[in-house]
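Here the structure comes first, spelled out in structure tokens, and everything after it is commentary.
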Amino acid sequence: MRRIALTIAILAMVASTAPVRAGDGENNAGVRNCTWCHGTGAQGYMVAPRLAGQRAQYIQGQLRSFAEHSRDNPFSKQYMWGAVAALRPYEVRDLAIYFAGLPPKPANDGDRNLAARGRTIYMDGIPEANIVSCYACHGPNAEGIRDIPRLGGLAYFYLKGRLEQWGQGYHSGIASPMPMVASTLGPNEIEALASYLSFVK
Ligand code: HEC
Ligand code: HEC
């Protein structure tokens, strides 16, 4: 894992930033600058999450927060701060629209035995523990809306990390509700939610 991460980091330094023209798709150099980390078809690879099918407004917002260094968890700092540094606003917009238009595949890598419990928390929350339902914002099928991200089918490890890191004080967007939402979740709830979501198509 560490060796691969190092290779990725070195490649990131030598990767050039060619202009993006969304129409060129996977062969476009600007898109390839992203997909050699984010995987073929942007379906996610190792620690880099799936971008395919993510909400365009959300992608754009996150690229801004990497550029402004407000999304400051270790992997963002290590991989994404550099990857976005040279992007122009129109490239950010074109990449966001391009990745949002790719069909997403579910990671299916959570614990099947926890999925039913995760679904219950996702739909109803746990009122007696002050845990809010995720459904209200992320949608009935975890597909997201406007700048609220799609969660369905993201990888277990990635979802778990995100939910843990808000509790550890890392930030993402300004005025994000997630640090407060995540602060009520214990390790069992996080594992159940991340498992359930990894299977959602
Ligand atoms: C060197 C590897 C690498 C490169 C190159 C790279 N990424 Fe990333 N990207 C990552 C990793 C790792 C993460 C996960 C950060 C985290 O754990 O919070 C990430 C996260 C993201 C996110 C946040 C996704 C989410 O669901 O919140 C977006 C959006 C993103 N990258 C877009 C891009 C785009 C667009 C490019 C090309 C300009 C790109 N990335 C290039 C490794 C990379
Ligand atoms: C009040 C609305 C709201 C509620 C309720 C909510 N979320 Fe979110 N969520 C957001 C917004 C807005 C973002 C994007 C901003 C950010 O990343 O900080 C987000 C981002 C996320 C992300 C990051 C996805 C990615 O691609 O990195 C995860 C994971 C997440 N939410 C999980 C949950 C879970 C699990 C619940 C229920 C326990 C939940 N959310 C409840 C609004 C909400």
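This structure is a prediction, so every number in the text was calculated from the model and none was measured. Order of appearance sets the numbers: ligands from 1, and atoms from 1 within every ligand.
Every atom of ligand 1 with a heavy atom of C34 under 4.0 Å away is listed here by number and element: 34 (C), 35 (C), 36 (C), 37 (C), 38 (C), 39 (C), 41 (C). Near L154, with a cut-off below 4.0 Å to any heavy atom, the atoms of ligand 2 are 26 (O). Interface of I59 with ligand 1, defined as ligand atoms under 4.0 Å from a residue heavy atom, comprises 29 (C). Numbered from 1 in the order shown, with element, the atoms of ligand 1 that lie under 4.0 Å from a heavy atom of F75 read 15 (C), 16 (C), 17 (O). Near L151, with a cut-off below 4.0 Å to any heavy atom, the atoms of ligand 2 are 22 (C), 24 (C), 28 (C), 29 (C), 30 (C), 32 (C), 33 (C). Near S76, meaning under 4.0 Å from any of its heavy atoms, are these atoms of ligand 1: 15 (C), 16 (C), 18 (O). Ligand-side atoms of ligand 2 in range of L159: 29 (C), range being under 4.0 angstrom from any heavy atom. Ligand 2 places these atoms under 4.0 Å from at least one heavy atom of V132: 5 (C), 37 (C), 38 (C). Atom numbering of ligand 1 starts at 1 in the shown order; those under 4.0 Å from a heavy atom of F66 are 20 (C), 21 (C), 22 (C), 23 (C), 28 (C). Annotation for ligand 1: atoms under 4.0 Å from non-hydrogen atoms of N73 are 16 (C), 17 (O), 18 (O).
Looking at ligand 1, you won't find any N or O of Q62 less than 3.5 Å from one of its N or O atoms. Between Y158 and ligand 2, at least one N/O pair is under 3.5 Å apart. Among the atoms of H38, some N or O lies under 3.5 angstrom from an N or O of ligand 1. The shortest N or O to N or O distance between R50 and ligand 1 is not below 3.5 Å. Inclusion of Y58 in the set of residues having an N or O under 3.5 Å from an N or O of ligand 1 is warranted.
A salt bridge links E164 and K160; the closest N-O separation between the charged side-chain nitrogens and carboxylate oxygens is under 4.0 Å.
Looking at heavy atoms from C-beta onward, L87 lies in side-chain contact with L95 at the 4.5 angstrom threshold. The closest side-chain heavy-atom distance from R55 to D147 is not below 4.5 Å. At least one side-chain heavy atom of P74 sits less than 4.5 Å from a side-chain heavy atom of Y170. Two residues are said to be in side-chain contact when any heavy atoms from C-beta on lie closer than 4.5 Å; L154 and L197 fail this criterion. Using a 4.5 Å heavy-atom cutoff, the side chains of V84 and R64 are not in contact. Inter-residue side-chain proximity for S133 and Y122 is flagged as unmet; no heavy-atom pair is nearer than 4.5 Å. Residues M180 and W166 are not in side-chain contact: their nearest non-hydrogen atoms beyond the backbone lie 4.5 Å or more apart. For the pair R150 and R50, the minimum side-chain heavy-atom distance is below 4.5 Å.
Here atom 30 (C) of ligand 1 lies nearest to M80 when heavy atoms of M80, M46, R162 are compared. Proximity annotation for atom 8 (Fe) of ligand 2: of H138, R146, K160, H138 comes nearest, heavy atoms only. Of the candidates G144, C137, S176, the one placing a heavy atom closest to atom 43 (C) of ligand 2 is C137. Evaluated by nearest non-hydrogen atom to atom 33 (C) of ligand 2, the leading choice among E189, R150, M178 is M178.
Panel note: side chain Q43, backbone P103; a donor-acceptor pair is recorded below 3.5 Å.
Contacts between V47 and ligand 1, counted as non-hydrogen atom pairs separated by less than 4.0 Å, involve both the backbone and the side chain. Using a 4.0 Å cut-off between heavy atoms, Y135 makes no contact with ligand 2 at all. Contact annotation: for I121 versus ligand 2, there are no heavy atoms closer than 4.0 Å. At a heavy-atom cutoff of 4.0 Å, ligand 2 is contacted by no atom of I131, backbone or side chain. Counting heavy atoms closer than 4.0 Å to ligand 1, residue L51 contributes side-chain atoms (C-beta onward) but none from N, CA, C or O. Residue L63 touches ligand 1 through its side chain alone, judged by heavy-atom distances below 4.0 Å.
In this structure, the side chain to side chain donor-acceptor pair (under 3.5 Å) partners of Y158, at least two apart in sequence or on a different chain, are R71, R162.
Judged by a 6.0 Å distance limit and a 45° cone about the ring axis, R117 is not positioned over the six-membered ring of Y196.
Taking every heavy atom of both residues into account, L102 and G41 meet most closely at CD1-O, 3.6 Å. Among all heavy-atom pairs drawn from S195 and Y156, the shortest one is OG-CE1, 3.5 Å. Taking both residues in full, the closest heavy atoms of E91 and A86 are given as OE1-O, 3.8 Å, listed atom of the first, atom of the second, then distance. Contact record, V92 with L63: CG1-CD1, 3.9 Å, taken as the closest heavy-atom pair. The minimum heavy-atom distance linking I59 with A100 is given by the pair CD1-N, 4.3 Å.
Taking 4.0 Å as the cut-off, Y122 does not count as a neighbour of ligand 2 on heavy-atom distance. Within the 4.0 Å heavy-atom shell around ligand 2 one finds S133. At least one heavy atom of R71 sits closer than 4.0 Å to an atom of ligand 1. Close to ligand 1: P49, with a non-hydrogen atom less than 4.0 angstrom away. In this structure, P149 has a heavy atom closer than 4.0 Å to ligand 2.
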Set out, in order, the CA-CA distance, both residues' side-chain angles and the distance that settles side-chain contact (heavy atoms from CB on, under 4.5 Å) for F99 and Q54, then state yes or no. CA-CA 7 Å; F99 289 123; Q54 188 50 279; over 6 Å; no
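Within the coordination shell of atom 8 (Fe) of ligand 2, defined by N, O or S atoms under 2.8 Å, C134 is absent.
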